[in-house]
Amino acid sequence: MRITATITRITTGVAAAAAMIFSPLTADAAKAAKAKPPRELALQLGAPFHDHAVLQRGMSIPVWGWSKPGTKVTVEFGGQKNTATAGKDGKWMAELKDLKASFKPAELVISEAGGKKETLTDILVGEVWLASGQSNMQWMVAKSKCLKLATELTAETEGKVAPIREFQVSSVTSQLHPIEKAAGAWKNGNYGDYSAIAFAFAHKLYKELNVPIGILNCSFSQTAIQAWIPREGYATAKDDYSKAIHQQCLITDPTTPEHKKAWGAFYQSLEDQIAANKAAIKKGETAKEISASVPGNLSSNRDANWLYNGRMSPVVPYAIRGAIWNQGYANMGEGLPYYNNLHSLVRGWRIVWDKPELPVYFHQFYSAGMRHAGKEVNKPSIDGTAEMRLGTWLARDIPHTGMASQIDIAGAIHYSCKAVPGQRLALHALKNQYGKKVVTDGPMFKSYTVKGDRLIIEFDHAKGGLVVAETAYNGIGRHDDSTGYANPKIIPNGDDQVKLFFLAGTDRVWHPATMKIDGDKVIVTSPEVKKPCGVSYATGEVGFQPNLYNKALLPMTPFIYFDNQMVTSKTWPDEKLKIAGETIDPSTVGKIYEYRKMPLLSVQFRDKAVFQADKPVTIWGSTH
């Protein structure tokens with residue numbers, strides 16, 4: 001019976017993993033599933049082709065769908081008329097070219113030769129961007145400080161077409177393998193239901209460009225970056241971390257030799273354990289529980305590729321200008337590998353869209369531990385979250401990308417001040433895609449020199465000098481709360497209010513330091529450090545407290561250096577940073593800490609236990 005029960009649990013586990021392919025992930029998904037479905041079309045078209053769509057201006061626009069193999073399909077829009085023929089799989093793809101931006105609603109007509117015909121209505125032409133990430137990208141305007149922007153836009157455009165539209169796949173969430181067919185709809189002016197960050201981004205573009213803006217919202221809550229990376233992104237990676245993930249994806253693909261080998265070993269392991277238990281039972285011994293890890297990317301329906309496969313694949317290759325990315329909470333403990341994942345994400349999207357220079361702009365993770373000013377943790381850190389931010393900063397080496405820091409935005413899992421982060425992403429697009437003369441980056445560490453007890457730091461992106469500012473005055477209701485957007489406000493002569501710098505001497509102990517702005521440089525000192533060797537700024541988060549900006553009021557990026565070398569958890573000689581006035585808990589370092597990372601033993605196996613003499617001792621436990 002025990003063998004049978006154990007096998008049942010394993011089988012159930014595999015079935016549950018498979019069932020999650022089709023299951024909604026959260027209450028939000030359940031709510032969406034109950035929403036009124038979009039109008040049923042006469043033809044099966046690619047998911048984004050529906051009423052109220054925004055088409056991309058000035059480039060080739062693929063229009064696709066499915067009909068009976070060999071069927072000729074005609075696509076008509078804006079005076080263009082093009083024909084395509086359905087292939088053996090029934091898929092056809094036509095092309096529109098070089099459309100001009102227009103707020104005038106038009107019709108997109110698709111018709112089969114001698115067959116069905118569909119007319120999509122209220123179609124605009126403008127700029128289209130992909131928006132992806134987890135719950136902070138999914139978070140709606142109505143539940144954020146962006147609601148005021150939406151209310152103002154609604155009033156400004158009353159009686160006119162909605163200039164910002166958002167599309168979202170609604171029929172599926174995640175899939176083990178990429179799908180092409182899905183249903184979805186364009187939101188048409190009901191801005192409260194839009195992604196807040198994507199709306200703030202789109203709103204700034206609309207105000208600057210005066211053209212319709214379309215957003216493909218491919219985001220979902222509680223999803224790691226790996227889930228949004230197409231297999232192609234990992235398949236072309238050169239680093240061992242990404243190659244290992246690719247192997248897991250191959251193992252789940254029944255067409256690969258990796259699948260056959262791994263699953264063969266999995267089933268053989270079960271057979272071997274069953275045989276061993278049978279032999280044990282014959283000897284009068286107790287059978288052991290049968291266990292085996294399911295191979296491949298099957299840890300859940302948020303594993304590598306799954307969200308791309310279900311939520312994004314159906315919109316590829318809809319014509320877009322570029323993409324924006326906001327994510328991080330699900331990867332907080334993973335540290336520097338976020339760099340590798342961003343490379344795979346961008347590379348993968350560029351491959352599937354066949355756009356080698358597709359611009360992708362991403363956020364550096366916000367201050368997730370800060371609920372409000374006054375409870376900040378300023379001490380230096382090289383923990384997983386700090387190094388995830390570092391990995392994001394380093395990923396700016398990807399051509400045609402950019403990073404928008406939101407380190408001065410605070411919140412718990414979700415933060416309400418999403419207008420400023422979205423607008424900072426828009427700066428990159430405005431400069432690089434639309435030729436606007438705007439500043440895109442906040443100050444970033446360049447180098448430092450030491451003169452006596454003074455450590456003098458130079459920065460990139462600090463032209464015109466540095467200023468002290470804070471976002472607390474309208475981020476949490478303090479002082480002037482006229483917007484609530486968390487726009488930074490300058491604090492005149494505020495050098496002494498910045499508590500984010502630490503210095504370390506030759507003993508590698510970090511002490512709180514004071515700072516003084518000297519034009520585009522900063523002079524840092526601490527009475528406890530006579531010969532500075534290292535400096536840290538804001539690696540322990542910022543939140544709404546006073547911090548440094550350039551004249552464009554973009555925040556300084558966190559950094560930590562020692563002996564003019566970047567500090568990471570792998571290169572630092574100590575297991576933890578030593579902070580002046582703090583005692584490191586001995587259970588968090590050394591052998592005790594290493595033991596704690598080992599498999600968990602059953603409760604009997606503890607210090608001072610007594611084992612039975614002259615008898616075999618069986619030791620058991622479980623892994624994390």
Side-chain angles (χ1 to χ4, degrees), residues 2-23 25 172-180 223-279 287-313 330-331 333-334 337-338 340-341 343-345 347-348 351-352 597-600 620-624:
R2 181 168 183 174
I3 295 175
T4 303
T6 304
I7 293 296
T8 301
R9 284 200 295 273
I10 292 174
T11 305
T12 303
V14 175
M20 283 193 292
I21 300 174
F22 306 101
S23 299
L25 298 180
V172 65
T173 297
S174 63
Q175 293 282 292
L176 179 56
H177 302 294
I179 62 170
E180 291 189 278
T223 49
I225 186 173
Q226 294 92 333
W228 293 99
I229 299 173
R231 188 197 291 182
E232 291 86 344
Y234 285 124
T236 52
K238 304 297 182 184
D239 64 283
D240 292 340
Y241 168 88
S242 303
K243 287 180 178 179
I245 296 177
H246 180 53
Q247 283 300 305
Q248 294 302 307
C249 299
L250 290 176
I251 285 170
T252 316
D253 184 345
T255 66
T256 67
E258 289 87 354
H259 175 90
K260 183 177 180 180
K261 181 180 179 180
W263 282 86
F266 170 74
Y267 288 118
Q268 186 60 54
S269 172
L270 298 181
E271 294 294 339
D272 291 346
Q273 292 179 73
I274 291 171
N277 274 346
K278 286 181 178 179
K288 297 179 181 178
E289 183 172 336
I290 294 173
S291 64
S293 298
V294 178
N297 58 331
L298 286 168
S299 66
S300 75
N301 58 344
R302 293 177 177 84
D303 209 337
N305 306 157
W306 282 61
L307 269 294
Y308 166 79
N309 293 340
R311 204 74 167 183
M312 189 179 294
S313 180
N331 294 89
E334 295 180 16
Y338 205 78
N340 306 85
N341 282 314
H343 270 263
S344 295
L345 182 86
R347 184 172 55 246
I351 291 171
V352 298
K597 294 192 292 185
M598 293 175 64
L600 298 176
W620 69 94
S622 62
T623 58
H624 290 286

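All of these numbers come straight from a predicted model, not from anything done at the bench.
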**Student:** So, does N305 use its side chain to make a donor-acceptor pair with the main chain of W228 at under 3.5 Å?
**Tutor:** no
**Student:** For N331, give me all partners under side chain to side chain donor-acceptor pair (under 3.5 Å), at least two apart in sequence or on another chain.
**Tutor:** Q226, Q327, E334
**Student:** For Y234, what residues pass the side chain to side chain donor-acceptor pair (under 3.5 Å) criterion, not counting sequence neighbours?
**Tutor:** N341
**Student:** Does NZ belonging to K260 count more than 12 external heavy atoms closer than 6.0 Å?
**Tutor:** no
**Student:** Just by modelled atom types, is the R302 backbone N or O under 3.5 Å from a matching donor or acceptor in the T223 side chain?
**Tutor:** no
**Student:** Got a sec, which residues hit side-chain contact (heavy atoms from CB on, under 4.5 Å) with D272, two or more places apart in sequence or on another chain?
**Tutor:** Q268
**Student:** Tell me the salt bridge (Lys or Arg N to Asp or Glu O under 4.0 Å) pairs involving residues 226-242, sequence neighbours left out?
**Tutor:** R231-D253
**Student:** Determine whether a donor-acceptor pair (N or O, by modelled atom type, separation under 3.5 Å) exists between the side chain of T256 and the backbone of L250.
**Tutor:** yes
**Student:** Does M312 form a side chain to side chain contact (heavy atoms under 4.5 Å, CB included) with L307? I'd like the steps, not just the answer.
**Tutor:** CA-CA 7 Å; M312 189 179 294; L307 269 294; over 6 Å; no
**Student:** List in chain and number order the residues that pass side-chain contact (heavy atoms from CB on, under 4.5 Å) with A262, two or more places apart in sequence or in another chain; answer none if no residue qualifies.
**Tutor:** I251, P295
**Student:** Check whether any side-chain heavy atom of N309 lies under 4.5 Å from a side-chain heavy atom of L176, and answer yes or no.
**Tutor:** no
**Student:** Under the side chain to side chain contact (heavy atoms under 4.5 Å, CB included) rule, what do E258 and Q247 come out as? Steps first, then yes or no, please.
**Tutor:** CA-CA 8 Å; E258 289 87 354; Q247 283 300 305; 3.6 Å; yes
**Student:** Going by the rule side-chain contact (heavy atoms from CB on, under 4.5 Å), which residues pair with P254 if we only count those two or more places apart in sequence or in a different chain?
**Tutor:** H177, H259
**Student:** Between W263 and T252, is there a side-chain heavy-atom distance shorter than 4.5 Å?
**Tutor:** no
